Amino acid sequence: MASKPLPLGFYERRPDVVARELLGKTLVRRIGGEALEGVVVETEAYFGLEDPASRAYRGMKEYNRVMWGEPGRLFVYNVHKYWMLNVVAHEPDGVGGVLFRAVEPREGIGRMAENRPVSSLRELTSGPGRLSVALGVTRELNGLPVTDPGGPMVVLDAPPVLDLCASHRIGVKEDLPEELRFYVRGNGFVSG
DNA sequence: AGGAAGATCTACT
DNA sequence: GTAGATCTTCCTA
């Protein structure tokens with residue numbers, strides 16, 4: 001289990017490619033001396049000025065400028081009371097990111113359940129707002145790299161997921177023709 | 001200063 | 001399946 005953080009180069013590709021390949025990787029949140037871990041089971045890709053559903057669509061603002069910046073850094077922003085956890089991903093001089101929509105809890109489940117009390121385990125992290133509460137994600141993480149082994153949030157490498165599905169993105173007002181949501185087939189922690 | 005929108009969630013019918 | 005809550009950010013005045 002000596003998995004290392006995914007390198008910067010992993011994120012220096014198109015957001016849709018990164019979103020697909022992030023499935024099965026391990027998301028680690030270090031907080032209060034504990035490591036809260038989950039396997040990524042659902043993601044969505046967002047592009048830049050050409051993507052009407054993207055936070056980058058209406059141009060660079062203070063809150064979204066990390067989408068133009070170095071890949072492999074967190075982009076955290078608020079919608080409807082919840083913090084959305086993204087990682088910046090794009091080709092050189094590009095814009096984009098990947099939204100973490102669901103993880104399967106692995107470590108630190110007790111602490112996650114304190115952060116977000118639920119009656120069944122499946123409700124703990126099966127949604128972008130849900131997983132942020134469970135993992136203690138706030139805007140303090142915005143701009144931090146996920147490639148630093150000792151950082152407050154890291155993505156560790158793991159074998160690729162072979163049995164995956166794609167669909168249109170969920171909850172967006174105006175989507176692109178491409179299917180940009182990716183999830184592990186049959187996994188119980190996928191939202192929806 | 002005020003209103004509206006939003007990549008959501010929960011509860012209820 | 002639909003409605004309402006909730007809060008950060010943006011846009012207009």
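Order of the sequence lines fixes the chain letters, A, B, ..., with proteins taken first and strands second; residue numbering starts at 1 for each chain. What you are looking at is a predicted structure, and each value in this text was computed from that prediction instead of being measured.
For CD of A:E178, the number of neighbouring non-hydrogen atoms (other residues, nucleotides, ligands) closer than 6.0 Å is greater than 12.
Side-chain N/O atoms of A:R101 include one lying less than 4.0 angstrom from OP1 or OP2 on B:dT8. OP1 or OP2 of B:dT10 lies within a sub-4.0 Å distance of a side-chain N or O belonging to A:R116. Between B:dT10 and A:R130, a contact under 4.0 Å exists linking OP1 or OP2 to a side-chain N or O. The phosphate of B:dG6 has OP1 or OP2 within less than 4.0 Å of a side-chain N or O from A:K173. At least one side-chain nitrogen or oxygen of A:R55 sits closer than 4.0 Å to the OP1 or OP2 atom of B:dA7.
In this structure, A:N86 atom CG and B:dG6 atom C1' are separated by 14 Å, rounded to whole Å. Rounded to an integer number of Å, the gap from A:E44 CD to B:dT8 C1' is 12 Å. Atom CD of A:E140 and atom P of C:dT8 are 13 Å apart (whole Å). Here the C1' atom of nucleotide C:dC7 and the CH2 atom of A:W83 are 8 Å apart, to the nearest Å. If you take OH of A:Y63 and P of C:dT8, they are 14 Å apart, rounded to a whole angstrom. With rounding to whole Å, A:M84 atom CE is found 6 Å from B:dT8 atom P. Atom P of nucleotide C:dC7 and atom OH of A:Y77 are separated by 17 Å, given to the nearest angstrom. Straight-line distance from the CG atom of A:L99 to the P atom of B:dA7: 10 Å, rounded to whole Å.
Counting any heavy atom pair closer than 4.0 Å across all strands shown, A:V172 reaches sugar-phosphate atoms only and no base atom.
In this structure, A:R13 forms a cation-pi arrangement with A:F10, its terminal cationic atom sitting closer than 6.0 Å to the ring centre and no more than 45° off the ring axis. Taking the ring centre of A:Y183 as origin, the terminal cationic atom of A:R181 falls inside the region bounded by 6.0 Å and 45° from the ring axis.
Here B:dA7 sits opposite no nucleotide as a Watson-Crick or G-U wobble pair (both hydrogen-bonding atom distances under 3.5 Å).
For the pair A:S54 and A:E123, both in contact range of DNA chain B, the more 5′-proximal nearest nucleotide belongs to A:S54.
Taking only side-chain atoms of A:Y82, from C-beta outward, the nucleotide of B:dT8, C:dT6, C:dT9 with the closest atom is B:dT8.
The side-chain heavy atoms of A:E70 and A:V88, taken from C-beta on, include no pair separated by under 4.5 Å.
Salt bridge absent: A:D157 and A:K4 never bring a charged side-chain N and a carboxylate O closer than 4.0 Å.
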